[in-house]
Amino acid sequence: MRAIVLLCLLHAAFAEWPSLWQSLKSVDEPKNVCEEPYSCSCCLILQQVSNLSSHINSTLNELDKEYSQTLQQLSKFEASRTAFSVALQYSSFRCNGPQPGDFTVIYKEVFLNLGGRYDVDTGIFTALYPGVYTFALTIHSDAGAAGSLLAACAELLLNSNVVASLNEVNNQDQEDGATIAVVLQLNATDQVAVNMPRGCSLCDDNNHYNTFSGFLLFATN
Ligand SMILES: *[C@@H]1O[C@H](CO)[C@@H](O)[C@H](O)[C@H]1NC(C)=O
Ligand SMILES: *[C@@H]1O[C@H](CO)[C@@H](O)[C@H](O)[C@H]1NC(C)=O
Ligand SMILES: *[C@@H]1O[C@H](CO)[C@@H](O)[C@H](O)[C@H]1NC(C)=O
């Protein structure tokens with residue numbers, strides 16, 4: 001850029017001093033120099049450089065803006081990471097139930113609780129970010145003896161409303177399991193939990209036949 005300006009000034013100097021003065025005055029505004037016919041080719045170069053430089057400047061400004069927007073979205077995405085996977089924590093075989101009434105299952109074995117939204121004391125998952133979430137519930141029960149009543153049953157609750165139920169209640173199987181997988185759109189503070197209705201019984205040992213998992217598929221808003 002400096003070399004081109006110098007060339008132009010030299011060009012002008014060979015012509016006459018007033019135009020050198022004119023050139024010096026107009027270095028910042030190359031378009032004016034173009035009025036001088038002898039400096040026209042230099043002036044065009046200056047114009048092109050100036051055009052190019054403003055093009056680069058505006059492109060960089062644009063990229064800068066998009067970059068900071070991307071960074072913002074990325075940090076929002078990272079902050080919203082939510083995933084939990086929990087299980088019943090029984091070291092040896094035992095059953096929880098049958099209960100006399102509704103009973104919230106509290107899973108104490110925590111495989112993962114990214115974001116800390118599953119409460120190990122209450123068994124309740126509370127969404128922090130509005131978004132689309134996936135939940136999976138697997139239950140297992142054992143009647144204890146062939147011909148006894150098996151009651152492998154539970155419900156997935158969203159804000160105390162039943163979303164889906166599992167109901168393996170019969171005298172044919174001594175033991176059985178069942179699974180629910182759902183995708184739900186949640187608002188912030190919505191709560192998801194597992195309820196064992198009256199008479200249901202869930203059994204486990206250290207094999208983790210009973211699991212409850214959920215994760216944020218993507219945040220909305
Ligand atoms: C510089 O840009 C202006 C406005 O876009 C245009 O009129 C002019 O022809 C361009 N000059 C050169 C040398 O490209
Ligand atoms: C580049 O763009 C910024 C933001 O629009 C502006 O403030 C600055 O003066 C420009 N620089 C040049 C050399 O054009
Ligand atoms: C989320 O909020 C919207 C708007 O208030 C409401 O219509 C919808 O039922 C809510 N969904 C849940 C799962 O709470």
Side-chain angles (χ1 to χ4, degrees), residues 1-12 15 19 22-72 76-77 79-84 86 102 104-105 113-119 122-137 154-166 180-195 197 212-221:
M1 180 78 181
R2 275 180 187 203
I4 291 163
V5 173
L6 188 65
L7 266 175
C8 287
L9 292 182
L10 284 174
H11 192 158
S19 17
Q22 180 65 29
S23 301
L24 280 172
K25 278 204 303 181
S26 57
V27 163
D28 286 337
E29 301 160 45
K31 276 174 194 131
N32 297 349
V33 190
C34 298
E35 286 153 18
E36 306 290 336
Y38 43 77
S39 64
C40 210
S41 59
C42 271
C43 157
L44 278 178
I45 293 173
L46 275 183
Q47 255 193 6
Q48 273 170 351
V49 169
S50 151
N51 280 10
L52 194 65
S53 121
S54 71
H55 175 71
I56 290 172
N57 193 38
S58 70
T59 306
L60 278 180
N61 286 338
E62 199 64 30
L63 283 177
D64 242 17
K65 217 170 88 185
E66 281 174 23
Y67 178 64
S68 60
Q69 279 170 354
T70 306
L71 276 186
Q72 260 176 19
K76 201 176 143 192
F77 171 75
S80 72
R81 282 179 183 166
T82 306
F84 74 94
V86 295
D102 283 339
T104 303
V105 183
N113 194 11
L114 197 60
R117 305 311 298 169
Y118 171 77
D119 188 332
T122 62
I124 298 171
F125 169 81
T126 306
L128 179 60
Y129 297 92
V132 174
Y133 290 76
T134 299
F135 294 95
L137 166 67
E155 300 167 332
L156 187 71
L157 302 184
L158 168 55
N159 299 332
S160 306
N161 302 312
V162 177
V163 174
S165 303
L166 296 170
I180 289 170
V182 291
V183 179
L184 302 172
Q185 173 127 30
L186 302 188
N187 299 321
T189 75
D190 279 347
Q191 297 192 323
V192 177
V194 177
N195 181 52
F212 176 37
S213 305
F215 59 87
L216 175 62
L217 196 55
F218 55 84
T220 52
N221 302 349

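When a ligand or atom number is given, it counts from 1 through the structure's own listing order. Both backbone and side-chain heavy atoms feed into the values below; hydrogens, waters and symmetry mates do not.
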[X] neighbourhood, listing ligand 1 atoms whose heavy-atom distance to it stays under 4.0 Å:
| X | answer |
| --- | --- |
| Gln47 | 11 (N), 12 (C), 13 (C) |
| Leu44 | 13 (C) |
| Asn51 | 1 (C), 2 (O), 3 (C), 8 (C), 10 (C), 11 (N), 12 (C), 14 (O) |
| Gln48 | 12 (C), 13 (C), 14 (O) |

Pull out every atom of ligand 3 sitting under 4.0 Å from any heavy atom of Gln185, numbered as shown with elements.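 Those atoms are 13 (C).
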Report yes if the side chains of [X] and [Y] come closer than 4.5 Å at any heavy-atom pair, otherwise no.
| X | Y | value |
| --- | --- | --- |
| Thr126 | Asp190 | no |
| Val183 | Val132 | yes |
| Asn51 | Gln48 | no |
| Phe212 | Val192 | yes |

Where is the nearest protein heavy atom to [atom]: which residue, which atom, and how far?
| atom | result |
| --- | --- |
| atom 9 (O) of ligand 3 | Asn187 ND2, 4.8 Å |
| atom 13 (C) of ligand 2 | Asn57 ND2, 4.3 Å |
| atom 14 (O) of ligand 3 | Asp190 OD2, 3.1 Å |
| atom 5 (O) of ligand 2 | Asn61 ND2, 3.3 Å |

For Phe135 together with Phe125, are the ring centres under 6.0 Å from each other?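 Yes, the ring of Phe125 comes within the 6.0 Å limit of the ring of Phe135, centre to centre.
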Using atom types as modelled and distance alone, determine if a side-chain donor or acceptor of Tyr118 lies under 3.5 Å from a backbone N or O of Gly214.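 No; judged by distance alone, with no hydrogens or angles, the pair does not exist.
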Of the non-hydrogen atoms in Ala154 and Leu137, which two are nearest, and what is the gap between them?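 Scanning both residues, the minimum pair turns out to be CB-CD2, 4.5 Å.
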Does the protein come close to atom 7 (O) of ligand 3 - that is, does one of its heavy atoms sit below 4.0 Å from that atom?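 Under 4.0 Å from atom 7 (O) of ligand 3, zero protein heavy atoms found.
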